[in-house]
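Encoded as structure tokens, the structure appears first; notes follow it.
What's counted below: heavy atoms across the whole structure, side chains too, no hydrogens, waters or symmetry copies. In the text below, chain A, chain B and the rest are named by the order of the sequence lines, each starting its count at 1. Worth saying up front: this structure is predicted, and the values here are computed from it rather than measured.
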Protein chains: 2
Amino acid sequence: MYDLILKNIARFITLTPAETERFTSILKPRSLRRRQYLVQAGDVFRQECFVNKGSLRIYQVDDSGQERIINFAFEGWWTGDMYSFLSGQPAIYHVDALEDCELLLIGKEQLEQLYIDIPKFDRFYRILLQNAYIAMQRRISDNMMLSAEERYLQFLERYPQFEQRLSQKHIASYLGITPESLSRIRRHRLNRS
Amino acid sequence: MYDLILKNIARFITLTPAETERFTSILKPRSLRRRQYLVQAGDVFRQECFVNKGSLRIYQVDDSGQERIINFAFEGWWTGDMYSFLSGQPAIYHVDALEDCELLLIGKEQLEQLYIDIPKFDRFYRILLQNAYIAMQRRISDNMMLSAEERYLQFLERYPQFEQRLSQKHIASYLGITPESLSRIRRHRLNRS
DNA sequence: AAAAACACTTAACATAGGATAAGTTTCCAG
DNA sequence: CTGGAAACTTATCCTATGTTAAGTGTTTTT
């Protein structure tokens, strides 16, 4: 059950057996059925979430009811609502399960205490965030520099293993286009080849 | 000279006088004239940069020579090329001065040693990054949910103090539109009021 | 002070992608 | 197994924004 998360952590820091024990003791397992919410915008959600199995999406709903997917989370990824976690304010985004999920949650207070007791975890989350930040920056420049079709191709290249697990509606939403546009793009590609 | 950066750090962690001394001793002051590069895409740039005075832009140039501004950096902000810093690979972005700048740089090795000697700095950069990450996420959702005009209005609201220091060309580039479009948006707004 | 480069505006035209609507296929829930 | 809801496709029309080009005003360079 803790294999994946411990491997994830071992990428950046090395834990003693006692530290490992301490760490796993604060993890709260939780499973989520497809379509169930982890967070609803407006809730305060002060937990970090590691995805052990399954997939989720982080999304926003605009005034006209349109959903926009900000990001996905697959097994081995971290997710949550960073803003709510940090500030204690209501979450900005919805997070829900796209497939049945097994999650490991860490409460804010316990994580704060962990940072104090084992400062290596400050380092772990710093490095995790640096990588997340780089990915976000790349996403912004892609959204600005590339056409819808180019973004779709890049998505296929970058996440070939996830494409089959996501509906086109969700991929379109992640790319910032309508499902109709994605359908059109796919047709043009087929006609050409 | 170190006032602003020490205040910046004091937002999240408290340093002893000895730690303060240790920290300031690794800072390398550097000034940059308007239009001078801090980083050119392709260079390896393994330094973190604090802006003490002036402003910079982080941008990318596409195949057709179009510049796209990923972000600005004003006094009190941190900047650089996180990807190059972390990976040691050539930088993805250009960073150059929009106004004459006074900067404080920290080399990668010295920062790594600082993390080891004073683990509080792991914490400081973790919190800094959490905030930067939240801002990035918000930028992505704004770019997806809002029209060019709405993004412009939000920019004016969010950064009223910076608007006057930036050319419209640069604001347009940051918003992901052409200067012509920004000009059109401004005209429509004037006509309406 | 003149020349050159740049910033900004305006206008006419082009186009990628949105909106709407209708049809087909796939997926569940009863 | 069946009926209704989603998911996906296709077509038509529409609009926001890009493109090109020309003109004016403002810096920067010489």
Side-chain angles (χ1 to χ4, degrees), chain A residues 33-36 55 57 59-69 72 96-100 142-156 162-193, chain B residues 33-36 55 57 59 61-69 72 96-100 141-156 162-193:
Chain A
R33 284 316 228 354
R34 187 162 128 83
R35 299 221 165 88
Q36 234 182 312
S55 56
R57 62 175 172 158
Y59 66 102
Q60 214 176 5
V61 181
D62 73 15
D63 313 323
S64 65
Q66 281 263 328
E67 295 174 359
R68 286 294 157 119
I69 295 180
F72 298 110
D96 71 8
L98 296 175
E99 304 170 303
D100 293 352
D142 288 350
N143 271 319
M144 292 207 308
M145 318 267 301
L146 304 179
S147 69
E149 175 162 9
E150 288 168 320
R151 295 199 305 274
Y152 176 59
L153 293 181
Q154 200 177 62
F155 177 82
L156 293 184
F162 299 139
E163 191 223 341
Q164 318 131 33
R165 287 167 64 185
L166 298 169
S167 69
Q168 284 174 221
K169 192 183 129 178
H170 289 148
I171 294 174
S173 171
Y174 176 83
L175 296 175
I177 59 178
T178 59
E180 291 86 351
S181 290
L182 182 55
S183 197
R184 171 160 49 193
I185 287 167
R186 286 160 54 85
R187 175 157 43 105
H188 288 162
R189 284 174 43 65
L190 286 175
N191 289 348
R192 254 184 264 141
S193 60
Chain B
R33 285 315 227 359
R34 187 162 130 83
R35 298 217 168 91
Q36 234 183 313
S55 57
R57 63 175 172 159
Y59 66 103
V61 181
D62 73 14
D63 313 322
S64 64
Q66 281 261 330
E67 295 175 358
R68 285 295 157 119
I69 294 180
F72 297 110
D96 70 8
L98 296 175
E99 303 170 305
D100 293 351
S141 51
D142 288 350
N143 271 320
M144 293 207 307
M145 318 269 300
L146 304 179
S147 69
E149 175 163 8
E150 288 167 320
R151 295 201 305 276
Y152 177 60
L153 293 180
Q154 201 177 62
F155 177 83
L156 293 185
F162 299 139
E163 191 224 340
Q164 319 132 32
R165 287 167 63 184
L166 298 168
S167 69
Q168 282 174 222
K169 192 182 130 179
H170 289 147
I171 293 174
S173 171
Y174 176 83
L175 296 174
I177 59 178
T178 59
E180 292 86 350
S181 290
L182 182 54
S183 196
R184 170 159 49 194
I185 287 167
R186 287 161 53 85
R187 175 157 42 105
H188 288 161
R189 285 174 41 67
L190 285 176
N191 289 348
R192 253 183 267 140
S193 59

Handout entry: Selection from dA7(C), dC28(C), dG18(C) that lies nearest to any side-chain heavy atom of Ser167(B)
Key = dA7(C)
Handout entry: Rounded distance in Å - CG (Asn143(B)) to P (dA16(D))
Key = 18 Å
Exercise for the section: Please find out if less than 6.0 Å separates the ring center of Phe155(A) from that of Tyr174(A). Expected result: yes
Problem - Shortest side-chain distance from Glu180(A), nucleotide among dT10(C), dT28(D), dT10(D) - result: dT10(D)
Practice task
Starting from P on dT9(D), measure out to NZ on Lys169(A) and report it in whole angstrom.
Solution key: 14 Å
Handout entry: Short side-chain N/O contact to dC8(C) OP1/OP2 from Arg186(B), under 4.0 Å
Key = no
Fill in the blank from the handout: Per atom distances to the Ser183(B) side chain, the nearest of dA19(C), dT9(C), dG18(D) is dT9(C)
Problem - Separation of atom CZ in Arg189(A) from atom P in dT9(D), rounded to whole Å - result: 13 Å
Exercise for the section: Have a look at Arg184(B) and say if it touches a base, only the backbone sugar-phosphate, or nothing, with a 4.0 Å heavy-atom cut-off. Expected result: base
Handout entry: Phosphate OP1/OP2 of dG18(D): any Thr178(B) side-chain N/O under 4.0 Å
Key = yes
Completion exercise
Sorted by position of nearest nucleotide on DNA chain C, 5' first, the leading residue of Ile185(A) and Pro179(B) is Pro179(B)
Completion exercise
To the nearest angstrom, the CD-P distance between Gln164(B) and dA7(C) comes to 19 Å
Problem - Residue Arg187(A), side-chain heavy atoms: nucleotide from dA11(D), dG17(C), dA19(C) that is nearest - result: dA11(D)
Handout entry: Side-chain (Asp100(B)) to main-chain (Arg34(B)) donor-acceptor, under 3.5 angstrom
Key = yes
Completion exercise
Leu182(A) atom CG is separated from dA7(D) atom P, nearest whole Å, by 14 Å
Problem - Nearest to side-chain heavy atoms of Ser181(A), which nucleotide of dT9(D), dG17(C), dA7(D) - result: dG17(C)
Problem - For atom CG of Leu166(B) and atom C1' of dC8(C), their distance in whole Å - result: 15 Å
Practice task
Measure the distance from CZ on Arg35(B) to C1' on dT29(D) and round it to the nearest whole Å.
Solution key: 11 Å
Practice task
For Ser173(A) and Glu67(A), indicate whether the former's side chain and the latter's backbone hold a donor-acceptor pair under 3.5 Å.
Solution key: yes
Problem - Closest to the Ile177(A) side chain, choosing from dG18(C), dT19(D), dC8(D) - result: dG18(C)
Practice task
For residues Phe162(B) and Arg165(B), determine if any side-chain heavy atom of one lies less than 4.5 Å from a side-chain heavy atom of the other.
Solution key: yes
Handout entry: Interatomic distance where CD belongs to Gln168(B) and P belongs to dT9(C) [whole Å]
Key = 4 Å
Practice task
Using atom types as modelled and distance alone, determine if a side-chain donor or acceptor of Arg68(A) lies under 3.5 Å from a backbone N or O of Gln60(A).
Solution key: no
